[in-house]
A.B. asks: 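Please find one structure pasted underneath; my questions will follow.
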Amino acid sequence: MPAKQMARSKSPVLLMLLALLALSLIFLLFSFHSPSTADPSAILHPNQPTYKPETSFVASLERFLLAHKSRPSKPRDDTVLTTPTQSQLKHLDDLVFQSDSHRLYADPYYPLSLPMRVYVYDMPSKFTYDLLWLFRNSYKETFNLTSNGSPVHRLIEQHSIDYWLWADLIAPESERLLKSVVRVHRQEEADLFYIPFFTTISFFLLEKQQCKALYREVVKWVTDQPAWNRSQGRDHILPVHHPWSFKYKPGQVYLEKDLILPYVANVDFCDARCISETRSKRTTLLFFRGRLKRNAGGKIRSQLVAELSGSEGVAIEEGTAGEAGKSAAQNGMRKSVFCLSPAGDTPSSARLFDAIVSGCIPVIVSDELELPFEGILDYRKIALFISSSDAVRPGWLVTFLRNISHAQIEEMRQNLAKYSRHFLYSSPAQPLGPEDLVWRMMAGKLVNIKLQTRRSQRVVKESRSVCTCDCKRANSTIAGHL
């Protein structure tokens with residue numbers, strides 16, 4: 001064959017080889033500069049940070065304060081606010097009407113659609129950053145205890161929900177993962193208003209009179225805002241988790257508008273792999289470690305202790321403070337099939353959430369129980385509910401637990417492995433984490449909040465009662481119960 005003809009016949013082959021080589025080079029370039037497929041979140045959210053979510057309050061706070069260290073501090077002395085004039089309120093009301101009208105005709109699902117639109121008040125630093133720095137600069141003082149011997153800073157960590165919610169809301173949008181809520185910067189666009197104030201830190205770390213004075217200042221600052229006066233606070237959120245940290249009167253907290261929030265877990269997370277690896281080590285039938293005597297609804301504890309002490313396969317221990325107490329509780333839960341969760345001073349207990357993240361099936365003994373996110377989560381799949389009267393019957397509870405089949409136990413453990421993510425606060429906040437479920441639950445309350453706000457605005461004074469809810473002090477809060 002002539003050389004010229006051979007060269008012509010080989011040219012398509014050479015072109016194909018060159019094309020394959022070029023494609024290989026392109027693939028290699030993209031493999032070096034694109035997110036790793038080992039991290040699905042990097043693909044779904046290419047602009048998001050790739051670091052592991054931080055679930056430690058102290059570690060997350062360190063990172064948060066470092067990122068905000070250069071933030072200009074607002075004056076420590078508040079600008080004196082006066083009650084808004086009628087013209088100011090009318091102007092805001094007209095803007096809200098325009099915004100709501102636009103959404104009504106543009107969004108076929110309004111007001112049921114997500115994301116929630118939240119306006120975050122930019123409050124003076126003494127209500128926000130100064131309190132976080134106060135905790136950060138003093139949390140290592142482990143000698144600082146409450147009257148019942150609990151470490152103050154450990155309590156603050158357990159009740160740090162206000163920090164996790166606020167840190168997510170004010171994070172740059174490029175760093176956020178949640179799609180259920182967005183921060184808006186125009187009040188007329190807001191569904192809800194968020195009040196960033198750290199009630200638990202101020203209660204435990206400030207002197208009593210100083211704390212009371214700060215509370216009065218917060219209330220004055222917020223209630224002087226035009227948006228508060230427009231709705232009388234019905235669409236305002238103030239996270240209050242520790243029952244002592246912000247005193248409410250009877251009727252001020254109720255589930256038509258408030259949420260029950262989970263404690264921050266006091267033990268390390270036991271994931272699906274951990275649950276599988278500890279299966280053979282769970283030789284204790286029923287475990288409880290904590291305060292053996294409580295007040296109010298928690299009186300059932302002493303009765304349970306008297307009934308269960310000495311029973312085979314049951315471990316009942318008085319709780320102790322500090323790292324040693326945390327380690328003992330964690331080890332006990334990871335060695336047990338069931339974890340007793342009696343009522344505390346109020347209808348639930350921190351032990352419930354510690355058990356969930358430990359892969360230990362909660363045995364809930366509380367006749368007046370409120371559970372977080374129950375409109376979304378079905379607790380029957382991960383916990384056993386026992387009436388107080390049955391629980392204290394001689395021998396009844398131990399016999400009941402021994403008769404539960406291995407198949408049911410395994411099914412509940414698998415569900416615990418799935419559900420535990422709903423109780424892990426983190427930074428950045430994760431989809432389906434507790435921060436996310438807060439806003440999904442609030443979305444379900446939004447229509448009623450708007451209803452009560454508008455009814456109160458149009459009812460002629462003293463003509464009649466607006467509704468049962470309006471007979472109570474109206475201030476939409478996210479409330480947590482012990």
Side-chain angles (χ1 to χ4, degrees), residues 260 262-263 265-267 270 275 278-279 281-294 297-319 328-372 374 377-420 423 481-482:
I260 307 300
Y263 280 77
N266 193 37
V267 296
C270 185
I275 291 176
T278 56
R279 182 183 290 108
K281 301 175 184 178
R282 295 182 184 266
T283 54
T284 301
L285 176 69
L286 180 63
F287 175 79
F288 175 78
R289 181 182 175 85
R291 296 287 303 281
L292 300 184
K293 293 183 180 181
R294 287 302 228 180
K299 291 180 180 179
I300 186 66
R301 289 193 184 185
S302 57
Q303 300 176 45
L304 288 169
V305 170
E307 162 57 26
L308 295 171
S309 293
S311 299
E312 184 180 356
V314 176
I316 304 288
E317 304 171 1
E318 179 73 42
Q330 178 170 299
N331 291 337
M333 287 184 172
R334 293 192 181 189
K335 293 178 180 178
S336 303
V337 179
F338 300 102
C339 284
L340 187 64
S341 180
D345 291 337
T346 51
S348 69
S349 167
R351 305 306 180 283
L352 169 62
F353 309 106
D354 288 347
I356 290 173
V357 302
S358 298
C360 186
I361 300 170
V363 178
I364 298 173
V365 182
S366 179
D367 297 334
E368 297 177 354
L369 186 67
E370 300 293 348
L371 293 168
E374 198 167 8
L377 307 177
D378 188 350
Y379 284 83
R380 299 172 305 161
K381 305 301 182 183
I382 62 169
L384 299 173
F385 293 85
I386 309 296
S387 70
S388 298
S389 58
D390 282 338
V392 297
R393 286 165 54 188
W396 187 91
L397 184 55
V398 172
T399 301
F400 173 78
L401 296 178
R402 291 194 186 282
N403 287 333
I404 295 176
S405 68
H406 291 293
Q408 183 179 352
I409 290 173
E410 283 306 309
E411 182 180 356
M412 297 184 82
R413 281 178 180 162
Q414 291 176 17
N415 290 332
L416 279 173
K418 295 176 184 177
Y419 264 40
S420 56
F423 304 99
H481 291 182
L482 281 178

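Only this structure's heavy atoms are used, side chains among them; waters, hydrogens and symmetry mates stay out. All figures in this text were calculated on a predicted structure; none of them were measured in a lab.
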A.B. asks: Locate the shortest heavy-atom distance separating Leu304 from Pro342; write the atom from each residue and the value.
C.D. replies: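 Minimum heavy-atom separation between Leu304 and Pro342: CD1-CB, 3.8 Å.
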A.B. asks: How long is the straight-line distance from CZ of Arg334 back to CZ of Arg279, given to the nearest 0.5 Å?
C.D. replies: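 The CZ atom of Arg334 is 14.5 Å from CZ of Arg279, to the nearest 0.5 Å.
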A.B. asks: Donor-acceptor check, side chain of Ser309 to backbone of Ala306, threshold 3.5 angstrom: yes or no?
C.D. replies: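 Checked: no pair found.
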A.B. asks: Working to the nearest 0.5 Å, report the span between CZ of Arg380 and CD of Glu374.
C.D. replies: 9.5 Å
A.B. asks: Go through the steps for Arg413 and Thr278 under the test side-chain contact (heavy atoms from CB on, under 4.5 Å), then give the verdict.
C.D. replies: CA-CA 11 Å; Arg413 281 178 180 162; Thr278 56; over 6 Å; no
A.B. asks: Ignoring hydrogens and angles, tell me if any N or O in the side chain of Arg282 forms a donor-acceptor pair with the backbone of Met333 under 3.5 Å.
C.D. replies: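 Between the backbone of Met333 and the side chain of Arg282 there is a qualifying donor-acceptor contact (under 3.5 Å).
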A.B. asks: To the nearest 0.5 Å, what is the distance between CD1 (Ile361) and CD (Glu410)?
C.D. replies: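 Between Ile361 CD1 and Glu410 CD, I get 8.0 Å after rounding to 0.5 Å.
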A.B. asks: Show your working on side-chain contact (heavy atoms from CB on, under 4.5 Å) between Leu371 and Leu352 and close with a plain yes or no.
C.D. replies: CA-CA 10 Å; Leu371 293 168; Leu352 169 62; 3.6 Å; yes
A.B. asks: Indicate the ring-plane relationship of Tyr419 and Tyr379, choosing parallel, tilted or perpendicular according to the 30° and 60° boundaries.
C.D. replies: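 Perpendicular: the ring planes of Tyr419 and Tyr379 meet at over 60°.
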A.B. asks: Scan Val314, Ile409, Leu397 and name whichever one has a side chain to side chain contact (heavy atoms under 4.5 Å, CB included) with Phe338.
C.D. replies: Ile409
A.B. asks: What's the shortest heavy-atom distance between Pro362 and Ala355, and which atoms?
C.D. replies: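 Nearest pair, atom of Pro362 first, then Ala355: CG-CB, 4.2 Å.
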A.B. asks: If only atom types and distance count, is the side chain of Ser387 paired as donor or acceptor with the main-chain N or O of Asp390 below 3.5 Å?
C.D. replies: yes
A.B. asks: When rounded to the nearest 0.5 angstrom, what distance separates OG in Ser311 from CG in Leu286?
C.D. replies: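 CG of Leu286 is found 9.0 Å from OG of Ser311.
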A.B. asks: Between Phe287 and Ala329, what is the shortest heavy-atom contact and its length?
C.D. replies: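 Minimum heavy-atom contact is CE2-O, 3.9 Å.
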A.B. asks: Compare every heavy atom of Ala383 with every heavy atom of Ile364, then report the nearest pair and how far apart it is.
C.D. replies: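 Closest approach of Ile364 to Ala383: CD1-CB, 3.9 Å.
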A.B. asks: Considering all heavy atoms of both residues, which atom of Val365 and which atom of Ala391 are nearest to each other, and what is their separation?
C.D. replies: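 Closest approach of Val365 to Ala391: CG1-CB, 3.8 Å.
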A.B. asks: Start with the C-alpha gap between Phe400 and Ile386, add the side-chain angles, then the distance that decides, and say whether side-chain contact (heavy atoms from CB on, under 4.5 Å) holds.
C.D. replies: CA-CA 10 Å; Phe400 173 78; Ile386 309 296; 3.6 Å; yes
A.B. asks: Could you tell me whether a side-chain N or O of Glu307 sits under 3.5 Å from a main-chain N or O of Gly395, the two making a donor and an acceptor?
C.D. replies: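 Yes; judged by distance alone, with no hydrogens or angles, the pair exists.
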A.B. asks: side-chain contact (heavy atoms from CB on, under 4.5 Å) for Leu416 and Ile356? Distances and angles first, verdict last.
C.D. replies: CA-CA 6 Å; Leu416 279 173; Ile356 290 173; 4.2 Å; yes
A.B. asks: For the CG atom of Leu377 and the CD1 atom of Ile382, what is their distance to the nearest 0.5 Å?
C.D. replies: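 One gets 7.5 Å once the value is rounded to the nearest 0.5 Å.
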A.B. asks: Is the shortest distance from a Lys or Arg side-chain nitrogen in Asp354 or Arg351 to a carboxylate oxygen in the other one below 4.0 Å?
C.D. replies: no
A.B. asks: Over all heavy atoms of both residues, which pair between Gln408 and Leu384 is shortest? Give the atoms and the distance, please.
C.D. replies: NE2-CD2, 4.2 Å
